**Student:** 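Before I ask anything, let me first share the structure, which is written out below as structure tokens.
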Amino acid sequence: MPQQLLTGNEAVAQAALDGAVSLGTGYPGTPSTEILERLGALGGRAQWAPNEKVALEVGLGVAFGKARALVTMKHVGLNVAADPLFSATYTGVDEGLVIAVADDPGMHSSQNEQDTRRYAEAAGAPMLEPGDAQEAYDYTLQGLAISARFQLPVILRMTTRVCHSKGPVQTRSERAQAPAPRYERDIPGRVMIPGNARPAHVRLRERLHNLARSELPEALLTDTGEDRQLGIIADGVAAAHAREAAPQARLLKLGLTHPLPIEAMRAFTQQVERCVVIEEGDPYLYTAARAAGIPVAGKPERFRFGELNAERVRRILDGDESPEPEPEAAGKPPQLCSDCSHRPVFQVLSRLGCIVAGDIGCYTLGVMPPFEAMDTCVCMGASVGVGLGLRHALPAEEARRVVSVIGDSTFVHTGLPGLAEMAYNPPETGHVLLILDNDTTAMTGLQEHPGTGRRLDHHPAASKLNYEAIALALGITDVHTVDPVDHKDDFERLMHDALADDRLTVIVARRPCSLASRRLAAFRAEQEPSEP
Amino acid sequence: MSRAADVVNVVIAGLGGQGIVTASDILAEAAFTAGHDVKKSEIHGMSQRGGSVSSDVRFGAQVHSPMVPHGEADFLLISEATQVAANRHRLHPEGRLITPEAVPQLFQEADPERAARAARMVNVALLGVLSAHLAIPEATWLEAIRSHLPERLHEMNGRAFHQARGIEAIFGSLTGDRPHPATQ
Ligand SMILES: Cc1ncc(C[n+]2csc(CCOP(=O)(O)OP(=O)(O)O)c2C)c(N)n1
Ligand code: SF4
């Protein structure tokens with residue numbers, strides 16, 4: 001195969017295909033979203049799950065069935081999937097299971113800056129960290145192989161600059177042979193009751209130990225440069241910045257960052273006069289090195305925040321504490337599209353003086369002027385619980401102003417259990433849940449979900465969730481549907497009445513996202529043979 | 001930091017929905033086809049809502065980091081005047097800022113419909129201006145443009161590219177611009 005110019009995400013998808021992955025699943029989240037979209041476009045089997053926890057569980061089931069799986073998510077998605085992760089390392093897998101997790105240092109489009117490397121260590125999952133598109137391809141294949149060989153799920157930890165950066169990629173010319181799926185019963189290995197889980201934990205540590213002692217940690221190191229004065233230990237894209245900032249330095253780049261090749265790190269520091277760890281985010285490598293008594297220097301606290309680049313690495317290496325340059329003017333923040341269906345909703349919420357327990361999606365932009373109609377935004381699904389908590393705590397007058405506002409994709413993702421809570425533990429003043437059903441996951445680039453009735457490839461799905469019926473089934477009787485654009489007055493009246501009333505109300509504001517409608521129309525036009 | 005003379009650094013900036021990412025894809029592919037090592041990096045995610053977008057493209061014999069360091073861009077292409085201030089710090093003191101003003105001839109349409117059509121080709125025109133400074137054959141550029149745009153736009157954009165390239169070749173040299181050392 002000739003070289004191709006691919007993003008890190010595209011490279012992971014290509015590797016999944018070339019590595020005979022039989023199912024790719026995940027939940028959208030910048031910067032990871034394009035992996036599954038590309039896998040689907042390349043003809044692989046790719047599907048969106050309602051959330052990351054379900055995606056990981058589906059991937060685990062595939063690997064129990066002796067087939068290969070790829071699961072994708074952004075860093076915060078792993079919080080949702082943490083529960084299956086921490087036991088999947090105990091059960092282990094029979095075939096390759098790679099979990100691609102994309103961190104977002106600098107929070108270009110995220111609510112926090114958490115560092116996935118901590119999860120790998122905490123859960124005992126082997127972790128590979130590509131630094132560019134070629135490594136994203138190679139390490140995905142490597143991850144599948146390590147997973148199958150050591151029988152553990154493997155985390156492929158990426159970052160925004162790996163996911164969204166393009167570079168030349170040399171791909172394999174031959175696709176791997178898909179393993180033959182087959183069920184083999186293994187009750188002690190798969191059923192995590194305490195009696196089985198105790199030996200399973202010991203087995204997990206043994207597997208990690210075997211991996212650490214294998215040829216792989218060394219094979220995944222690159223050691224370049226001549227300088228004996230300055231040595232740098234780095235991972236991921238930070239290694240590329242380091243190479244640029246210090247072209248002569250001896251540079252040890254780690255590919256496998258859990259378990260860490262700690263003895264190779266020690267030996268490296270002995271060959272240079274001074275050794276500095278260059279890593280984005282938390283001092284993960286630094287802390288591990290120091291705990292092992294390896295004499296390395298780290299970075300000042302301010303470089304824990306935001307991305308690194310060659311200039312910031314130079315500052316770390318030179319001990320330069322001068323202030324970093326700032327742009328003359330701030331960039332333009334994103335805004336709701338001019339014809340967005342969320343606009344009239346937030347006009348009404350603002351006018352009614354609501355206390356808005358908000359959620360994550362395009363509609364979070366309702367916090368911006370001229371609306372300024374959002375009071376909280378924590379994590380996906382939190383609008384429901386936070387709104388209920390506020391209702392429980394506040395005096396009745398104020399409690400009656402509280403409304404929970406959630407997008408359709410977010411409602412399916414983690415809003416459903418919140419609705420069960422609302423039906424089960426209703427506040428004295430009742431509560432209002434407003435579902436903004438724009439028929440897409442707009443925020444991350446218009447993906448489908450179980451409520452749109454379309455699959456990842458936009459073709460019809462086997463089912464379509466009915467939010468109104470779900471609310472009714474939970475015992476909530478005040479359920480309304482309204483188009484907030486064509487019937488804005490009706491919407492305002494409904495909101496007003498629901499807030500005044502001490503009952504539980506669910507309002508579905510249904511109006512497709514205009515961008516998604518145009519995209520869908522174009523897709524359908526492409527599908528239909530043109531009229532003669 | 002010393003300026004690595006063998007790497008060309010280009011930053012393309014504008015607003016979401018203006019085709020910044022497509023423009024940087026075209027440039028990256030043209031440089032790649034011309035035999036360079038290429039790295040390209042951008043931040044996208046919420047771009048459909050019209051926020052600032054910028055994309056870094058770097059090429060040369062060997063490129064390490066995918067990001068153009070601050071103050072190191074040899075060329076800064078900006079499709080929208082309001083975005084200059086937010087991005088000027090990316091440009092090297094001797095670097096070249098390229099905005100639609102470089103090719104005013106292409107954007108003087110009085111007819112609103114034709115003006116709107118011209119506006120959609122801004123990025124390709126800016127690439128035309130850039131191309132006059134780089135040793136990448138015109139055919140390679142046109143091929144990259146074709147592979148990233150729908151067929152119905154090929155002819156229009158090809159023409160805008162060619163015209164902008166020609167205008168810059170004549171007037172760009174009058175303003176004292178010199179090609180980047182690595183591209184000669
Ligand atoms: C756990 C987690 N997974 C994924 C994301 C990324 N993300 C943020 S909001 C969102 C969904 C937005 O869709 P929807 O709720 O339908 O609102 P819309 O953008 O369509 O208005 C996604 C996928 C996240 N922030 N957290
Ligand atoms: S993409 Fe859709 S949901 Fe997002 S702001 Fe635009 S119209 Fe609204």
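For clarity, every value in this text was computed on a predicted model and none was experimentally measured. Every heavy atom of this structure was used, including side-chain atoms; hydrogens, water molecules and symmetry mates were not. We name chains A, B, ... by the order of the sequence lines, and we start the count at 1 in each one.
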**Student:** By a 4.5 Å heavy-atom criterion (distance strictly below it), what part of A:Gln4 contacts chain B: side chain, backbone, both, or neither?
**Tutor:** backbone
**Student:** Against chain A, work out which of B:Glu29, B:Arg58, B:Gln83 has the most heavy-atom pairs shorter than 4.5 Å and name it.
**Tutor:** B:Arg58
**Student:** Any donor and acceptor pair, going by atom type alone, linking the side chain of B:Ser65 with main-chain N or O of A:Ala310 inside 3.5 Å?
**Tutor:** no
**Student:** Give, as side chain, backbone, both or neither, the part of A:Asp132 having an atom under 4.5 angstrom from any heavy atom of chain B.
**Tutor:** side chain
**Student:** With a 4.5 Å cut-off on heavy-atom pairs, point out which of B:Asp25, B:Val57, B:Thr33 contacts chain A the most.
**Tutor:** B:Asp25
**Student:** Can you say whether A:Glu324 sits under 4.5 Å from chain B via the side chain, the backbone, both, or neither, judging by heavy atoms?
**Tutor:** neither
**Student:** Which region of A:Leu6, side chain (C-beta onward) or backbone (N, CA, C, O), has a non-hydrogen atom less than 4.5 Å from a non-hydrogen atom of chain B, or is it both or neither?
**Tutor:** neither
**Student:** Give, as side chain, backbone, both or neither, the part of A:Pro168 having an atom under 4.5 angstrom from any heavy atom of chain B.
**Tutor:** both
**Student:** Between B:Pro69 and A:Glu244, is there a side-chain heavy-atom distance shorter than 4.5 Å?
**Tutor:** yes
**Student:** Is there a side-chain contact between B:Met67 and A:Glu307 in this structure, where contact means two heavy atoms from C-beta onward sitting under 4.5 Å apart?
**Tutor:** yes
**Student:** Are A:His241 and B:His64 close enough that some pair of their side-chain heavy atoms sits under 4.5 Å apart?
**Tutor:** no
**Student:** Is A:Leu5 in contact with chain B via its backbone, its side chain, both, or neither, using a 4.5 Å heavy-atom distance?
**Tutor:** both
**Student:** Report the option among A:Gly331, A:Pro31, A:Pro327, A:Cys163 that has the most heavy-atom pairs separated by less than 4.5 Å from atoms of chain B.
**Tutor:** A:Pro327
**Student:** Salt bridge check, A:Lys166 against B:Glu42: does any charged N sit closer than 4.0 Å to a carboxylate O?
**Tutor:** no
**Student:** Quick check: do B:Leu15 and A:Lys332 have side-chain heavy atoms less than 4.5 Å from each other?
**Tutor:** yes
**Student:** For residues B:Ser55 and A:His164, determine if any side-chain heavy atom of one lies less than 4.5 Å from a side-chain heavy atom of the other.
**Tutor:** no
